[in-house]
Amino acid sequence: MKAAAEQNRRSFWLKQLHQWHWISAAISLVGMLLFAITGFTLNHAGSIEAEPKVVSKKATLPPELIAQLASGPTEGKRPLPIKVETWLDKAVDADIARRVGEWSDAEVYLALARPGGDAWIAIDRETGAVEHEKTTRGGVSLLNDLHKGRNTGKAWSWFIDIFAGACVIFTVTGLILLQFHARGRPMTWPLTAAGLAIPLLIIILFVHL
């Protein structure tokens, strides 16, 4: 009777672990592949050549929008007026999306950092002259910045956190499943120990801390 109860308990936990293991694997599969590939490209970033592409555009604000800028602060940080943002999006293809600008007597400057490149826009408050520059460094740079979460916004940051949680569940349930099946697989723990020992030895012997 006790053996049957023990077997039922084991079957229950195995079923739960397999359920969580495959669900977390499905959620993290594409992200894990992406982060594995970009881990390689980041490690070899110096040897992967990319020629930046720079696009510059100029325009001039209409008088009514210059007047809106004139009523703004002479120092500090705040977004541009909505109408100015909408006009800039159409005139110079600048996706500002409520970015905070640096205001001074002479101009408003917005740093538009983005994954895989950079951008900025400067507006002369007196004349309304607009200068916009956007730099693109290619697909590899984009993927590398997504890996690092550099200038990717809150939505991607949330994705990384959820993905990391799924990876933790995947690895922890995998470790417990190893424990369940280790008796019939004698190389389980030597291989697991090697997975821990190899990076530790490399750090101790070859990495200058």
Side-chain angles (χ1 to χ4, degrees), residues 21-59 77 79 85 88-102 108-123 130-175 178 190-209:
H21 193 65
W22 80 258
I23 290 174
S24 59
I27 291 173
S28 59
L29 178 63
V30 174
M32 198 177 297
L33 179 62
L34 171 66
F35 276 77
I37 292 171
T38 52
F40 178 84
T41 57
L42 277 169
N43 196 40
H44 297 276
S47 59
I48 300 175
E49 295 184 3
E51 187 174 344
K53 179 182 177 182
V54 181
V55 177
S56 298
K57 294 182 180 181
K58 294 183 179 181
K77 296 182 178 182
E85 284 190 0
L88 289 171
D89 189 19
K90 295 178 180 178
V92 295
D93 191 25
D95 183 13
I96 297 172
R98 306 309 291 158
R99 297 285 191 98
V100 174
E102 298 178 14
V108 182
Y109 177 86
L110 289 93
L112 305 174
R114 46 196 287 274
D118 204 356
W120 56 268
I121 189 166
I123 309 170
V130 176
E131 188 173 357
H132 174 50
E133 184 176 286
K134 181 161 65 175
T135 303
T136 303
R137 299 189 179 91
V140 173
S141 179
L142 171 62
L143 291 173
N144 288 346
D145 283 348
L146 289 174
H147 183 111
K148 295 183 288 186
R150 176 182 177 270
N151 303 318
T152 52
K154 290 184 178 179
W156 185 256
S157 178
W158 273 103
F159 166 76
I160 291 177
D161 288 343
I162 293 169
F163 163 71
C167 287
V168 169
I169 294 171
F170 175 72
T171 53
V172 170
T173 53
L175 182 63
L178 284 179
L191 288 173
T192 304
L196 173 64
I198 291 171
L200 281 178
L201 286 173
I202 292 173
I203 291 171
I204 293 169
L205 298 175
F206 301 107
V207 178
H208 301 289
L209 299 177

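By convention here, the first residue in the shown sequence is residue 1. Atom set for the values below is all heavy atoms of this structure, side chains included, hydrogens, waters and symmetry mates excluded.
Within the model, atoms CG of L110 and CD of E102 stand 8.5 Å from one another, a figure rounded to the nearest 0.5 Å. In this structure, CD1 in I203 is found 12.0 Å from CD1 in I198, a value given to the nearest 0.5 Å. Between I37 atom CD1 and N144 atom CG the span is 11.5 Å, to the nearest 0.5 Å. Annotation: the span from L191 atom CG to L196 atom CG amounts to 13.0 Å, rounded to 0.5 Å. In this structure, the separation between CG on L33 and CG on L29 is 7.0 Å, given to the nearest 0.5 Å. Distance check, rounded to the nearest 0.5 Å: OG1 of T173 to CH2 of W22 gives 12.5 Å.
Across all non-hydrogen atoms, the minimal contact from V92 to K57 is O-CD, 3.5 Å. Contact record, W156 with L146: NE1-O, 2.8 Å, taken as the closest heavy-atom pair. Heavy atoms only, all atoms of each residue included: N151 and P115 are closest at O-CD, 2.9 Å. Scanning all heavy atoms of the two residues, the minimum distance from K134 to A119 falls at CA-CB, 4.0 Å. R99 and A113 get closest at one heavy-atom pair: NH2-O, 3.3 Å. Here the closest non-hydrogen pair linking R137 and D118 is NH1-N, 4.0 Å.
In this view, F40 and H44 satisfy the ring pair (Phe, Tyr, Trp, His ring centres under 6.0 Å) rule, not counting sequence neighbours. Considering only residues two or more places apart in sequence or on other chains, H132 meets the ring pair (Phe, Tyr, Trp, His ring centres under 6.0 Å) condition with none of them.
Other residues, nucleotides and ligands contribute more than 12 heavy atoms inside 6.0 Å of the NZ atom of K148.
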Inset, instruction - Step by step, work out the side-chain contact (heavy atoms from CB on, under 4.5 Å) result for I23 and I27. - result: CA-CA 6 Å; I23 290 174; I27 291 173; 4.0 Å; yes
Inset, instruction - Decide yes or no on side-chain contact (heavy atoms from CB on, under 4.5 Å) for I123 and L88, but give the supporting numbers first. - result: CA-CA 10 Å; I123 309 170; L88 289 171; 3.8 Å; yes
Inset, instruction - Take I96 and D89, measure what side-chain contact (heavy atoms from CB on, under 4.5 Å) needs, and give me the verdict at the end. - result: CA-CA 7 Å; I96 297 172; D89 189 19; over 6 Å; no
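With contacts defined as side-chain heavy-atom distances shorter than 4.5 Å, the pair T41/L143 does not qualify.
Listed for the E133 side chain is no donor-acceptor partner under 3.5 Å among the backbone atoms of V54. Between the D145 side chain and the R150 main chain, no donor and acceptor come within less than 3.5 Å of each other. The closest donor-acceptor contact from the side chain of R114 to the backbone of L142 lies at 3.5 Å or more, if one exists at all.
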Let me have the donor-acceptor pairs involving side chains of residues 157-171, under 3.5 Å, with sequence neighbours excluded, atom names and distances please.
residue, atom, partner, partner atom, Å
T171, OG1, C167, O, 3.0
T171, OG1, V168, O, 3.0

